Student: 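One structure, as structure tokens, below. Some questions next.
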Amino acid sequence: MFSVRLRRVGPGEQLLPRMRRSRRIRRPPTPLELPPFSGGFRMSWLRVVDALSPAKSPVGTRVTVKGWVRTRRDSKAEGGLSFVAVHDGTCFDAIQAVVKGDIPNYASDVTKLTTHCSVEVTGVIAQTPKGGNELQVEVATGGEVKVIGWVDDPDQYPIQPKQHTFEYLREQAHLRVRTNTFGAVARMRHCLSMAIHRFYHERGFYYVHTPIITGSDCEGAGNMFKVSTLDMMRPLPRVSPENESAESKKLREEFSKKPNMPAWTYGQVDHSTDFFGKESHLTVSGQLNVETHCCALSRVYTFGPTFRAENSNTSRHLAEFWMIEPEIAFADLQADSELAEDFIKFLINAALTERADDMKFFDERIEKGLLTRLDHVLKTPFRRLPYTEAIKILEQAIAKGEKFEYPVKWGTDLQSEHERYLTEKHFKQPVILMNYPKQIKAFYMRLNAPGTDGAPGDTVAAMDVLVPGVGEIIGGSQREERIDVLDARITEMGLPIKEYWWYRDLRRFGTVPHAGFGLGFERAMMFITGMQNVRDVIPFPRTPKNAEF
RNA sequence: UCCCUGUUAGCUCAAUGGUAGAGCGAUCGGCUGUUAACCGAUAGGUUGUAGGUUCGAGUCCUACACGGGGAGCCA
């Protein structure tokens with residue numbers, strides 16, 4: 001564990017390794033294991049996660065940790081001592097600092113510490129008297145507790161050392177990450193994000209950055225947020241040519257020349273004067289764009305924010321959420337569903353192996369039996385089921401006395417209650433529903449051969465992955481690669497075919513069967529952590545009437 | 001957007017139309033190698049906002065705002 005520091009070499013300067021400054025009997029462990037090409041960035045103190053690791057910090061090691069106070073308990077024994085739990089977010093646990101009363105600032109500082117004061121603690125790693133391998137840091141003569149930042153008024157600090165409701169903490173979104181639950185959620189978001197990139201990278205997928213601003217209104221998934229630099233707030237003449245006076249025409253033309261002024265034609269904003277020269281929106285999906293790269297790079301994926309302007313108030317919907325959209329060339333729906341299943345299982349495995357501490361907490365405090373449930377999901381193949389079969393199962397359930405609010409009928413979309421019945425009651429495992437009636441699905445989904453699954457009507461190669469507790473977590477399909485069939489679908493659905501010129505080009509020039517899906521990242525978070533509300537698995541949730549923070 | 005439901009101390013919740021309370025947290029003190037610590041005391045309130053009914057409204061009525069659950073839409 002010989003540690004050197006490489007510096008940038010100036011003119012005439014020699015590159016020399018510099019010895020660590022500290023030469024104690026027991027050398028402190030390397031604070032961070034740094035990869036090659038590391039430069040000046042180095043931290044001289046230890047992360048709590050390393051201080052708690054017997055391998056990195058054996059008993060007797062002198063360490064410095066920096067973090068925030070979670071709790072403080074005092075004792076009068078041995079002439080006074082305090083137990084200060086210090087956490088720095090690097091792992092679920094805090095390390096307990098046992099501070100003896102003989103350090104100089106004990107009475108003045110240590111006994112006044114309250115929740116979330118920031119501190120720098122230097123002491124010696126020791127075993128706790130009770131817990132088996134549990135480590136703590138003992139601060140006695142020679143050790144130090146330096147207060148970096150006080151909590152001015154502990155009574156005013158919104159995060160008290162007690163249970164808070166998630167609803168309350170949502171209003172304190174800037175502070176809630178300091179709690180056990182939201183710290184764990186934040187680490188899980190990171191863990192799963194990295195796992196997503198690793199999963200695709202290892203399988204030869206290329207990461208594509210699809211645009212966030214889109215000029216096409218043809219992505220076909222819900223209401224969109226408008227992007228504009230025009231100042232819609234100022235009063236403007238709204239006229240149509242028939243009744244426009246010479247005076248108002250002049251006024252309108254003058255207005256149009258001012259910066260950020262919307263011009264109006266026929267009572268509507270003329271977007272040719274807008275920043276992009278046309279009406280533009282925030283993306284609702286990267287799929288159409290990522291298909292272009294799929295049809296050149298074979299295996300691609302996007303992972304980015306997505307925006308839906310639905311007035312949707314449920315525990316599973318956000319106006320701004322993150323979505324992963326892989327797209328594979330030369331693939332059909334079966335391959336697509338296998339990718340989806342592998343992907344979800346990979347994420348579960350990553351969570352269980354990389355964040356065992358946080359997952360243990362979710363299992364104990366958020367959803368009892370979470371680990372058992374996920375283990376079951378890992379070990380069981382997903383149930384694949386044609387839509388037509390699902391309808392039959394639901395009809396049989398009704399015949400047996402199951403009560404649904406909405407009727408079950410081939411050709412209509414399944415309601416939430418139907419999906420929940422299938423995945424939570426009937427199969428009790430993730431279910432992949434495939435081959436939906438074409439009239440309830442998007443134009444780009446591939447038309448199946450007549451009579452597929454014995455369906456009474458036309459179906460498309462679409463799939464939804466349903467999981468217990470969350471519902472639809474993935475929506476995907478094989479894409480229509482036949483230009484004539486695609487054109488017919490676009491026309492049939494009354495969509496503006498001209499707008500799809502570049503999408504259609506993919507079918508005109510060397511078309512290939514291809515398929516893909518979209519996984520809602522926050523829904524995956526809910527599924528894997530057991531958190532009940534999508535607003536609690538994203539740092540700053542954006543929902544109707546709420547864009548605070 | 002629709003249906004249901006809620007809004008009282010810093011937080012979580014009580015309070016027949018008749019004097020606004022508890023637990024936790026905070027502060028102070030006591031006890032203790034503590035760890036959801038424990039014991040005692042103290043402070044803390046224009047009952048979401050605006051109207052209305054009533055001798056009297058936290059409580060009943062209306063509107064609005066915001067939160068939660070469900071539905072639709074979807075990931």
Side-chain angles (χ1 to χ4, degrees), chain A residues 70-85 93-101 111-112 114-115 126-131 134 136 138 151 153-172 180 219-223 284-287 305-325 340 364-365 404-406 413-417 419-420 440-442 464-467 470-476 517-527 532-538 543-546 548:
Chain A
R70 189 148 260 162
T71 56
R72 188 199 90 232
R73 292 174 297 278
D74 300 324
S75 172
K76 287 281 158 58
E78 303 172 29
L81 81 162
S82 292
F83 303 91
V84 185
D93 288 314
I95 191 165
Q96 174 166 271
V98 182
V99 187
K100 299 280 166 68
T111 60
K112 298 201 165 56
T114 57
T115 302
Q127 213 136 27
T128 57
K130 284 174 190 169
E134 235 176 273
Q136 61 185 19
E138 295 202 332
V151 171
D153 187 349
D155 197 28
Q156 293 293 314
Y157 182 54
I159 311 292
Q160 297 161 357
K162 56 165 284 185
Q163 290 249 334
H164 288 291
T165 60
F166 290 151
E167 293 80 15
Y168 170 72
L169 289 172
R170 243 167 255 157
E171 292 165 10
Q172 310 291 339
N180 279 335
E219 288 169 354
N223 297 324
V284 293
S285 163
Q287 181 202 314
T306 308
F307 309 87
R308 306 253 167 113
E310 305 291 345
N311 189 3
S312 187
N313 294 288
T314 80
S315 55
R316 333 183 284 287
H317 286 89
L318 290 166
E320 177 183 293
F321 65 100
W322 288 65
M323 189 155 64
I324 302 100
E325 295 176 287
E364 287 169 358
R365 294 299 187 87
F404 293 120
E405 192 184 336
Y406 291 88
D413 219 348
L414 295 181
Q415 302 295 316
S416 284
E417 57 176 350
E419 295 182 344
R420 272 207 309 277
I440 57 171
K441 289 291 179 182
D464 281 357
V465 180
L466 313 176
V467 296
V470 179
E472 184 180 348
I473 199 172
I474 280 179
F517 61 79
L519 170 80
F521 183 61
E522 284 72 23
R523 289 194 184 168
M525 281 286 297
M526 291 168 75
F527 182 58
Q532 295 278 303
N533 195 310
V534 73
R535 295 167 194 139
D536 297 327
V537 295
I538 189 167
T543 52
K545 302 265 182 280
N546 183 14
E548 192 65 51

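All chains are named by letter (A, B, ...) in the order of the sequence lines, taking the proteins before the strands, and each is independently numbered beginning at 1. Just so you know, these numbers come straight off a predicted model, no measurement behind them.
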Student: Is there a donor and acceptor pair, one atom on the side chain of A:Lys76 and one on the base of B:C31, closer than 3.5 Å?
Tutor: no

Student: Using the C1' atom on both, measure B:U59 against B:U7 and round to a whole Å.
Tutor: 14 Å

Student: When rounded to the nearest 0.5 angstrom, what distance separates CE in A:Met526 from CG in A:Asp536?
Tutor: 9.0 Å

Student: Charged N to carboxylate O below 4.0 Å: is that the case for A:Asp74 and A:Lys76?
Tutor: no

Student: Report yes if at least one side-chain N or O of A:Arg316 is closer than 4.0 Å to OP1 or OP2 of B:C73; otherwise report no.
Tutor: no

Student: For A:Asp93 and B:A36, what is the distance between atoms CG and P respectively, to the nearest whole Å?
Tutor: 13 Å

Student: Under a 3.5 Å threshold, yes or no: a donor from one side chain and an acceptor from the other, between A:Arg308 and A:Thr306?
Tutor: no

Student: Do we see A:Phe521 stacking on the base of B:A75, given a limit of 5.5 Å between centres and 30° between planes?
Tutor: no

Student: For a quick check of understanding: with a heavy-atom distance under 4.0 Å over all strands, which category does A:Ser82 fall into, base, sugar-phosphate or nothing?
Tutor: nothing

Student: State whether the side chain of A:Thr115 and the backbone N or O of A:Arg70 hold a donor-acceptor pair below 3.5 Å, judged by distance alone.
Tutor: yes

Student: Any base atoms under 4.0 Å from A:Tyr168, or only sugar-phosphate, or nothing? Heavy atoms, all strands.
Tutor: sugar-phosphate

Student: Write down the distance separating the C1' atoms in B:A43 and B:G29, rounded off to the nearest Å.
Tutor: 15 Å

Student: With sugar-phosphate meaning primed atoms plus P, OP1 and OP2, does A:Glu138 contact a base, only sugar-phosphate, or nothing at under 4.0 Å between heavy atoms?
Tutor: base

Student: Taking any heavy-atom pair under 4.0 Å as a contact, classify A:Pro158: base, sugar-phosphate, or nothing.
Tutor: nothing

Student: Rounded to whole Å, how long is the line connecting atom CZ of A:Arg535 with atom C1' of B:G69?
Tutor: 10 Å

Student: Determine the Euclidean distance between corresponding C1' atoms of B:A22 and B:C31; express it in Å to zero decimal places.
Tutor: 25 Å

Student: Hey, does A:Gln136 reach any base, or is it just sugar-phosphate, or nothing, if we go heavy atoms under 4.0 Å?
Tutor: base

Student: For A:Asp74, answer base if it contacts any base atom (sugar-phosphate contacts may also be present), sugar-phosphate if it contacts only those atoms, and nothing otherwise; contact means non-hydrogen atoms under 4.0 Å.
Tutor: base

Student: Counting only side-chain nitrogens and oxygens, does A:Arg420 get under 4.0 Å of the OP1 or OP2 atom of B:A71?
Tutor: yes

Student: For A:Glu167, which contact category applies under a 4.0 Å heavy-atom criterion: base, sugar-phosphate, or nothing?
Tutor: sugar-phosphate

Student: Would you state whether a donor and an acceptor, one from the side chain of A:Ser312 and one from the base of B:G72, lie under 3.5 Å apart?
Tutor: yes

Student: Which listed nucleotide (B:G33, B:A26, B:C11) is nearest to the side chain of A:Ser75?
Tutor: B:G33

Student: Within a 6.0 Å radius of atom CD on A:Gln532, are there more than 12 heavy atoms belonging to other residues, nucleotides or ligands?
Tutor: no

Student: In whole angstrom, what separates A:Glu364's CD from B:A36's C1'?
Tutor: 13 Å

Student: Could you identify the nucleotide paired to B:G45, looking across every strand shown and requiring Watson-Crick or G-U wobble geometry with both distances under 3.5 Å?
Tutor: none

Student: Would you compute the distance between atom OH of A:Tyr157 and atom OG1 of A:Thr114 and round it to the nearest 0.5 angstrom?
Tutor: 9.0 Å

Student: Counting N and O atoms only, with roles assigned by atom type, does the side chain of A:Ser82 sit under 3.5 Å from a partner on the main chain of A:Val84, one being a donor and the other an acceptor?
Tutor: no

Student: Tell me what A:Val98 touches on the nucleic acid: a base, only sugar-phosphate, or nothing, going by heavy atoms under 4.0 Å.
Tutor: base

Student: In whole angstroms, how far is the C1' atom of B:A36 from the CZ atom of A:Phe83?
Tutor: 16 Å

Student: Base, sugar-phosphate or nothing for A:Thr71? Non-hydrogen atoms, less than 4.0 Å.
Tutor: nothing

Student: Any idea which of B:G33, B:G69, B:C24 is nearest the A:Leu81 side chain?
Tutor: B:G33

Student: A:Leu318 near the nucleic acid: base, sugar-phosphate alone, or nothing, with a heavy-atom cut-off under 4.0 Å?
Tutor: base

Student: May I have the distance from A:Lys545 (atom NZ) to B:C64 (atom C1'), rounded to whole angstrom?
Tutor: 12 Å

Student: Does B:A36 have its OP1 or OP2 closer than 4.0 Å to a side-chain nitrogen or oxygen of A:Asn180?
Tutor: no

Student: Which part of the nucleic acid, if any, lies within contact of A:Thr306, taking any heavy atom under 4.0 Å across all strands shown: a base, the sugar-phosphate backbone alone, or nothing?
Tutor: nothing

Student: Round to the nearest Å and state the distance from A:Gln156 atom CD to B:A9 atom P.
Tutor: 14 Å

Student: So what does A:Lys100 hit on the nucleic acid, given a heavy-atom distance under 4.0 Å: a base, only sugar-phosphate, or nothing?
Tutor: base

Student: Rounding to an integer number of Å, can you tell me how far A:Glu310 CD sits from B:G72 P?
Tutor: 13 Å

Student: Any side-chain N or O of A:Thr128 less than 4.0 Å from the OP1 or OP2 oxygen of B:U35?
Tutor: no

Student: Quick check: closest heavy atoms across A:Asn533 and A:Arg535, and the distance to 0.1 Å?
Tutor: OD1-N, 2.9 Å

Student: Heavy atoms, side chains only, cut-off 4.5 Å: are A:Asp464 and A:Lys441 in contact?
Tutor: yes

Student: Under 4.0 Å: is that the gap between some side-chain N or O of A:Arg308 and OP1 or OP2 of B:C74?
Tutor: no

Student: Checking the side chain of A:Asn311 only, and the main-chain atoms of A:Asn313 only, is there a donor and an acceptor separated by less than 3.5 Å?
Tutor: no

Student: Is any side-chain nitrogen or oxygen of A:Thr165 closer than 4.0 Å to OP1 or OP2 of B:U12?
Tutor: yes

Student: Report which part of the nucleic acid A:Glu78 touches: base, sugar-phosphate, or nothing (heavy-atom distance under 4.0 Å, all strands).
Tutor: base

Student: Does A:His164 get its side chain close enough to the base of B:C11, under 3.5 Å, for a donor-acceptor pair?
Tutor: no

Student: For B:G58 versus B:G67, give the span between their P atoms, rounded off to a whole number of Å.
Tutor: 26 Å

Student: Check the distance between B:G44's C1' and A:Tyr157's OH and give it to me in whole angstrom.
Tutor: 21 Å

Student: For B:C31, does either OP1 or OP2 sit under 4.0 Å from a side-chain N or O belonging to A:Arg73?
Tutor: no

Student: In whole angstrom, give me the gap between the C1' atoms of B:G44 and B:C24.
Tutor: 14 Å

Student: Heavy atoms under 4.0 Å, any strand shown: does A:Arg365 hit a base, just sugar-phosphate, or nothing?
Tutor: nothing

Student: Work out how far the P atom of B:G10 is from that of B:G48, and round it to whole angstrom.
Tutor: 13 Å

Student: Determine the interatomic distance between C1' on B:U19 and the same-named atom on B:G56; round to the nearest Å.
Tutor: 13 Å

Student: With a 3.5 angstrom cut-off on both distances, give the Watson-Crick or G-U wobble partner of B:G67, or none if there isn't one.
Tutor: B:U5

Student: Please confirm whether any donor atom in the side chain of A:Arg523 sits under 3.5 Å from an acceptor in the base of B:C74, or the reverse.
Tutor: yes

Student: Is A:Arg72 close enough to B:U35 that one of its side-chain N or O atoms is under 4.0 Å from OP1 or OP2 there?
Tutor: no

Student: Respond yes when some side-chain nitrogen or oxygen of A:Ser416 is under 4.0 Å from OP1 or OP2 of B:G72, and no when none is.
Tutor: yes

Student: Could you please name the option among B:A71, B:C74, B:U35 that lies closest to any side-chain atom of A:Gln96?
Tutor: B:U35

Student: Can you check the distance between B:G18 and B:A57, where both ends of the measurement are the C1' atom (answer in whole Å)?
Tutor: 10 Å

Student: I want to check one thing: is the phosphate of B:U12, taken as OP1 and OP2, less than 4.0 Å away from some side-chain N or O of A:Gln163?
Tutor: no

Student: With a 3.5 Å cut-off and heavy atoms only, can you find an N or O donor on one side and an acceptor on the other between the side chain of A:Asn313 and the base of B:U1?
Tutor: yes

